[in-house]
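Reading through the structure tokens given below for one structure.
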Amino acid sequence: MPKSRIRKKADDYTPPATKKATNIKLTSRSWVAPVMLAMFLIGLAWIVVFYVTDGQLPIDPLGNWNIVVGFGFIAAGFGVSTQWK
């Protein structure tokens, strides 16, 4: 059985240039997570209180619009979540 040939490496190989790491400046967004969670919980609590009290609370004159207010808080929480990095 013949012996396989060994490939010779080219002597003129130069490795690619190394890239320098660039500093990424991140702004402090530590407020985003607590505000987002607070909005979610306020919206959820608003809707739960509305259903548990048969529409008497949180704001009686709003009636069924209390559900819209609760979902508004939840939507605001999603809006705040877009600022999270």
Side-chain angles (χ1 to χ4, degrees):
M1 183 177 232
K3 217 177 192 184
S4 63
R5 295 182 187 173
I6 299 174
R7 295 183 187 175
K8 291 185 179 181
K9 291 183 181 179
D11 292 335
D12 60 343
Y13 172 75
T14 54
T18 57
K19 295 180 181 178
K20 285 190 173 184
T22 57
N23 291 336
I24 299 173
K25 187 175 182 180
L26 296 175
T27 58
S28 177
R29 302 273 176 129
S30 59
W31 59 272
V32 174
V35 172
M36 176 185 64
L37 291 175
M39 292 292 212
F40 288 155
L41 292 176
I42 290 170
L44 179 65
W46 194 289
I47 294 170
V48 168
V49 167
F50 175 73
Y51 277 116
V52 168
T53 61
D54 291 330
Q56 299 301 316
L57 291 176
I59 301 176
D60 190 28
L62 288 181
N64 287 337
W65 284 96
N66 280 305
I67 298 170
V68 175
V69 173
F71 277 113
F73 276 110
I74 294 171
F78 280 113
V80 169
S81 72
T82 63
Q83 299 299 315
W84 197 356
K85 288 189 178 186

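This chain uses plain numbering: 1 for the first residue, then up along the sequence.
Within the 4.5 Å cutoff, side-chain heavy atoms of I47 are placed close to those of I74. Contact of the F78 side chain with the F40 side chain is registered, since non-hydrogen atoms from C-beta on lie closer than 4.5 Å.
Residue S81 comes nearest to M36 through the heavy atom pair CB-SD, 3.2 Å, listed as atom of the first residue, atom of the second, then distance. Closest of all the heavy-atom pairs between A76 and M39 is CB-CE, 4.0 Å. Minimum heavy-atom separation, G55 to D60: O-OD1, 3.4 Å.
The backbone N or O of A33 sits nowhere less than 3.5 Å from a side-chain atom of W84 that would complete a donor-acceptor pair. Under a 3.5 Å cut-off, the side chain of N66 and the backbone N or O of W46 do not form any donor-acceptor pair.
Follow the hydrophobic side-chain contacts under 4.5 Å out from L41 and you never reach V69; the two are in separate clusters. Side-chain heavy atoms closer than 4.5 Å link hydrophobic residues (I, L, V, M, F, W, Y) into clusters, and following such links, even through other members, never connects Y51 to V49. Hydrophobic cluster membership differs between F73 and V48, with clusters built from Ile, Leu, Val, Met, Phe, Trp and Tyr side chains linked at under 4.5 angstrom. Under a hydrophobic clustering in which Ile, Leu, Val, Met, Phe, Trp and Tyr are joined whenever their side-chain heavy atoms come within less than 4.5 Å, directly or via other members, V80 and L44 fall into different clusters. In terms of hydrophobic clustering, with Ile, Leu, Val, Met, Phe, Trp and Tyr side chains grouped at heavy-atom distances under 4.5 Å, F50 and L57 are assigned to different clusters.
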